[in-house]
Amino acid sequence: MPEEPRTTRYRLFRTAWGIRIDLTASAVTTAAPPAHGERVADGVWLDAAPVLTHPPTDGRGNRLSPDEAAWLHHGLSLAAPFLPPDRHTLVTVHHVRFPETDYQPEGLAAALLLWAEQEFELPAHPITVTFDRSANRYVYEGDLTARPGAAPGSSV
């Protein structure tokens, strides 16, 4: 039986503007692979379908593009090594809310990683972020610098 959806509020404010993402997701863990969802890692699956439809399935939040959903996949992949290896975990993202003016898609990875840390009581994953004043954007460092689908070592 799926757990009740829970909302995580990811906030990053280092200047006059910041990134604010509210992400609502749920997880179910089973012995067999789920019937739907995208494989993230061995035993870890992501269902982002509810936030890829227009309007969003639940009528709330923002509709994500497939490129933005790839950032969700990336965030869950960072938590995947810490999830139970002998079970299958399906994470369903029900809705995502953010102001489109103060937003960077990398924040979606950080938001889902934070959600997974809270949901599964995982150790905090260090995220280093600086602000590039000349580009007027946040620069994620470390594991969050890899653009989803890019070769290792590629940056955003």
About how many Å separate [atom2] of [Y] and [atom1] of [X], when rounded to the nearest 0.5 Å?
X: Leu12; Y: Asp102; atom1: CG; atom2: CG; result: 11.0 Å
X: Tyr10; Y: Leu112; atom1: OH; atom2: CG; result: 12.5 Å
X: Asp143; Y: Ser77; atom1: CG; atom2: OG; result: 8.5 Å
X: Tyr103; Y: Arg137; atom1: OH; atom2: CZ; result: 10.5 Å
X: Glu4; Y: His94; atom1: CD; atom2: NE2; result: 9.0 Å
X: His74; Y: Leu46; atom1: NE2; atom2: CG; result: 13.0 Å

All salt bridge (charged side-chain N to carboxylate O under 4.0 Å, His left out) counterparts of [X], not counting sequence neighbours:
X: Glu68; value: none
X: Arg9; value: none
X: Asp42; value: Arg39

With a 4.5 Å limit on heavy-atom distance, are the side chains of [X] and [Y] in contact?
X: Phe120; Y: Leu83; answer: yes
X: Val91; Y: Val44; answer: no
X: Val51; Y: Arg63; answer: no
X: Leu64; Y: Leu72; answer: yes
X: Leu76; Y: Leu113; answer: no
X: Thr89; Y: Val28; answer: no

Task: Full working for side-chain contact (heavy atoms from CB on, under 4.5 Å) between Val40 and Trp45 - done: CA-CA 5 Å; Val40 173; Trp45 307 80; 5.9 Å; no
Open item on the list: Testing the 3.5 Å rule here: is there a donor-acceptor pair between the side chains of Arg6 and Thr8?
Closed with: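 Indeed, the side chains of Arg6 and Thr8 share at least one donor-acceptor pair under 3.5 Å.
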- [ ] Give a yes-or-no answer on whether the side chains of Ser65 and Asp67 include a donor-acceptor pair shorter than 3.5 Å.
- [x]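 Result is no, nothing qualifies.
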TODO: Would you please name every residue forming a side chain to side chain contact (heavy atoms under 4.5 Å, CB included) with Glu38, sequence neighbours left out?
DONE: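 Partners of Glu38 under the side chain to side chain contact (heavy atoms under 4.5 Å, CB included) test: His73.
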Below 3.5 Å, can you tabulate the donor-acceptor pairs from side chains in residues 17-24 to any protein atom, sequence neighbours excluded?
from: Trp17; atom 1: NE1; to: Asn136; atom 2: OD1; distance (Å): 3.1
from: Asp22; atom 1: OD1; to: Arg11; atom 2: NH1; distance (Å): 2.8
from: Asp22; atom 1: OD1; to: Arg11; atom 2: NH2; distance (Å): 3.0
from: Thr24; atom 1: OG1; to: Thr7; atom 2: OG1; distance (Å): 2.5
from: Thr24; atom 1: OG1; to: His95; atom 2: NE2; distance (Å): 3.3

TODO: Taking all heavy atoms of Arg97 and all of Gly61, pick out the closest pair and write down the distance.
DONE: CG-CA, 3.4 Å
Task: Heavy-atom pair of closest approach, residues Leu52 and Ala69 - done: CD2-CB, 3.8 Å
TODO: Check the pair Phe13 / Phe131 against side-chain contact (heavy atoms from CB on, under 4.5 Å), numbers first and verdict last.
DONE: CA-CA 10 Å; Phe13 289 92; Phe131 186 74; over 6 Å; no
- [ ] Go through the steps to decide whether Val129 and Arg14 satisfy the test side-chain contact (heavy atoms from CB on, under 4.5 Å), and finish with yes or no.
- [x] CA-CA 9 Å; Val129 183; Arg14 303 261 171 87; 3.7 Å; yes
Return a table of donor-acceptor pairs under 3.5 angstrom between the side chains of residues 30-37 and protein atoms on other chains or two or more places apart.
from: Thr30; atom 1: OG1; to: Ala32; atom 2: O; distance (Å): 2.6
from: His36; atom 1: NE2; to: Asp47; atom 2: OD2; distance (Å): 3.3

- [ ] Measure from the side-chain N and O atoms of Glu106 to the backbone N and O of Tyr140, and report whether any donor-acceptor pair falls under 3.5 Å.
- [x] no
Task: side-chain contact (heavy atoms from CB on, under 4.5 Å) between Thr15 and Tyr138, worked out - done: CA-CA 10 Å; Thr15 66; Tyr138 288 95; 3.5 Å; yes
TODO: Verify the cluster assignment for Val139 and Leu108: are they in a single hydrophobic cluster under the rule of side-chain heavy atoms below 4.5 Å apart?
DONE: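 The answer is no; the residues belong to distinct hydrophobic clusters.
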